Novice: 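Shown below is the structure under consideration.
Positions are given from 1, in the same order as the sequence printed here. The figures here come from the full heavy-atom set of this structure, side chains too, leaving out hydrogens, waters and symmetry mates. It should be emphasised that the depicted structure is a prediction, and the values quoted were computed from it without experimental measurement.
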Amino acid sequence: MGNRAVVAMRVEGVPKKYSPGIYLHNNGGRDSVEAFLEAAKRLDLRGGDYGLARLTQIIGNYFGGTLSVGVSNVSMLDCDNGDNGTYWVNGRFEIVEREHTRYPEQDNHPFEEMVEDIIKKNPQFKKGQRD
């Protein structure tokens, strides 16, 4: 059993179903998703679909291994996943909309500790360094 969610990027002019998204099999609660987004901000990732690719990398590095993360356009992801649904984020890594939510928001992970742990597991990212 997972704690699933999709984190999808709003891209101007792109229909939602074609928007890029990240599938999280675990850590899909709002507490984790907000920590991933805050780490992206602190690591100064650029926004848009390129930024979503780097956010995927940050999340994958945090989990380690080879499971728990997927990437596709929203129409191919399990957005109505029975857990946390879909988080729509803008280019500044802010949650701007939610879909398919069923349960109260989670608050199981200490925010600052999780953000620091995510950043620690991504030493190749240096604030202000963009490729």
Side-chain angles (χ1 to χ4, degrees):
M1 183 69 177
N3 186 17
R4 300 162 294 188
V6 169
V7 178
M9 179 68 69
R10 280 258 181 92
V11 180
E12 189 172 331
V14 176
K16 277 185 167 183
K17 68 180 184 177
Y18 298 123
S19 296
I22 305 167
Y23 171 77
L24 302 175
H25 188 74
N26 296 304
N27 289 77
R30 190 173 185 119
D31 53 350
S32 294
V33 171
E34 285 184 337
F36 293 136
L37 297 174
E38 180 62 24
K41 291 176 195 175
R42 291 185 192 180
L43 292 169
D44 198 28
L45 298 189
R46 74 174 73 174
D49 53 357
Y50 189 89
L52 193 73
R54 292 293 168 232
L55 178 61
T56 305
Q57 182 179 5
I58 286 171
I59 294 169
N61 290 342
Y62 173 75
F63 289 137
T66 59
L67 303 174
S68 299
V69 181
V71 177
S72 190
N73 62 50
V74 169
S75 68
M76 301 298 290
L77 297 172
D78 186 9
C79 292
D80 189 5
N81 48 54
D83 289 327
N84 299 288
T86 302
Y87 298 87
W88 286 95
V89 300
N90 62 21
R92 293 180 305 280
F93 299 105
E94 301 165 331
I95 298 170
V96 295
E97 184 182 350
R98 292 289 302 277
E99 293 180 332
H100 312 294
T101 57
R102 289 187 171 78
Y103 306 107
E105 299 292 2
Q106 286 183 213
D107 191 17
N108 297 332
H109 302 289
F111 182 76
E112 277 302 320
E113 284 180 31
M114 188 165 181
V115 172
E116 289 172 16
D117 196 31
I118 294 164
I119 290 171
K120 190 182 307 178
K121 291 182 179 175
N122 285 280
Q124 69 277 31
F125 289 89
K126 301 204 179 357
K127 182 154 177 67
Q129 175 187 359
R130 294 183 177 203
D131 49 357

Novice: Do Met9 and Val33 share a hydrophobic cluster (ILVMFWY, side-chain heavy atoms under 4.5 Å, transitive)?
Specialist: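 Per the 4.5 Å side-chain linkage, Met9 and Val33 are co-clustered.
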
Novice: Under a 4.0 Å threshold between the charged nitrogen and the carboxylate oxygen, would Glu116 count as salt-bridged to Lys120?
Specialist: no

Novice: Considering non-hydrogen atoms only, spot the tightest contact between Ala5 and Asn84 and give its length.
Specialist: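 Scanning both residues, the minimum pair turns out to be CB-CB, 3.9 Å.
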
Novice: Minimum heavy-atom separation for Glu34 to Ile95, with atom names?
Specialist: CG-CD1, 3.9 Å

Novice: Quick one, Glu38 and Phe93 - any side-chain contact, counting heavy atoms below 4.5 Å?
Specialist: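 Side chain of Glu38 against side chain of Phe93, heavy atoms only: no contact under 4.5 Å found.
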
Novice: Mind checking whether Ile58 and Tyr23 sit in one hydrophobic cluster, side chains of I, L, V, M, F, W, Y counted as touching below 4.5 Å?
Specialist: no

Novice: Same hydrophobic cluster for Val6 and Leu24, using side-chain heavy-atom links shorter than 4.5 Å among ILVMFWY?
Specialist: no

Novice: Hey, quick one: are Phe36 and Leu45 part of the same hydrophobic cluster, counting side-chain heavy atoms closer than 4.5 Å, chains of contacts allowed?
Specialist: yes

Novice: About how many Å separate CG of Asp44 and CZ of Arg54, when rounded to the nearest 0.5 Å?
Specialist: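 The CG atom of Asp44 is 13.5 Å from CZ of Arg54, to the nearest 0.5 Å.
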
Novice: Is there side-chain contact between Leu37 and Leu55, with heavy atoms separated by less than 4.5 Å?
Specialist: yes

Novice: So for atom CD, which belongs to Glu12, do other residues, nucleotides or ligands contribute more than 12 heavy atoms lying within a distance under 6.0 Å?
Specialist: no

Novice: Under the 3.5 angstrom rule, does the side chain of Arg4 hit a backbone N or O of Asn81 as a donor-acceptor pair?
Specialist: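 Answer holds: yes.
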
Novice: Determine all donor-acceptor pairs shorter than 3.5 Å in which one atom belongs to a side chain in residues 61-78; sequence neighbours excluded.
Specialist:
| residue | atom | partner | partner atom | Å |
| --- | --- | --- | --- | --- |
| Asn61 | ND2 | Gln57 | O | 3.4 |
| Asn61 | ND2 | Asn122 | OD1 | 2.7 |
| Ser68 | OG | Asn26 | ND2 | 3.1 |
| Asn73 | OD1 | Ser75 | N | 3.3 |
| Asn73 | OD1 | Ser75 | OG | 2.6 |
| Asn73 | OD1 | Met76 | N | 3.4 |
| Ser75 | OG | Lys17 | O | 3.4 |

Novice: Going only through I, L, V, M, F, W and Y residues with side-chain contacts under 4.5 Å, is there a path from Trp88 to Ile22?
Specialist: no

Novice: With sequence neighbours excluded, tell me which residues meet salt bridge (Lys or Arg N to Asp or Glu O under 4.0 Å) with Glu113.
Specialist: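 Checked Glu113 against salt bridge (Lys or Arg N to Asp or Glu O under 4.0 Å); zero matches.
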
Novice: Minimum heavy-atom separation for Gly29 and Tyr87, please, with both atom names.
Specialist: C-OH, 3.2 Å

Novice: Side chains of Met114 and Asp31: closer than 4.5 Å at any heavy-atom pair?
Specialist: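 With C-beta onward as the side chain, the pair stays apart.
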
Novice: Could you tell me which non-hydrogen atom of Thr86 sits nearest to which non-hydrogen atom of Ala8, and how far apart they are?
Specialist: CG2-CB, 4.2 Å

Novice: If every non-hydrogen atom of Pro20 is compared with every non-hydrogen atom of Val11, which pair is closest and at what distance?
Specialist: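 Looking at all heavy atoms of both residues, the shortest contact is CD-CG2, 3.9 Å.
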
Novice: For the OH atom on Tyr18, are there more than 12 heavy atoms of other groups (residues, nucleotides or ligands in this structure) within a distance under 6.0 Å?
Specialist: no

Novice: Knowing that exactly one of Asn3, Asn27, Asn108 qualifies, which makes a side-chain hydrogen bond (donor to acceptor under 3.5 Å, both in side chains) with Ser32?
Specialist: Asn27

Novice: Among all residues two or more places apart in sequence or in another chain, which pass the salt bridge (Lys or Arg N to Asp or Glu O under 4.0 Å) test with Asp80?
Specialist: Arg102

Novice: Grab the two heavy atoms, one from Arg92 and one from Lys41, that are nearest each other, plus how far apart they are.
Specialist: O-CE, 3.3 Å

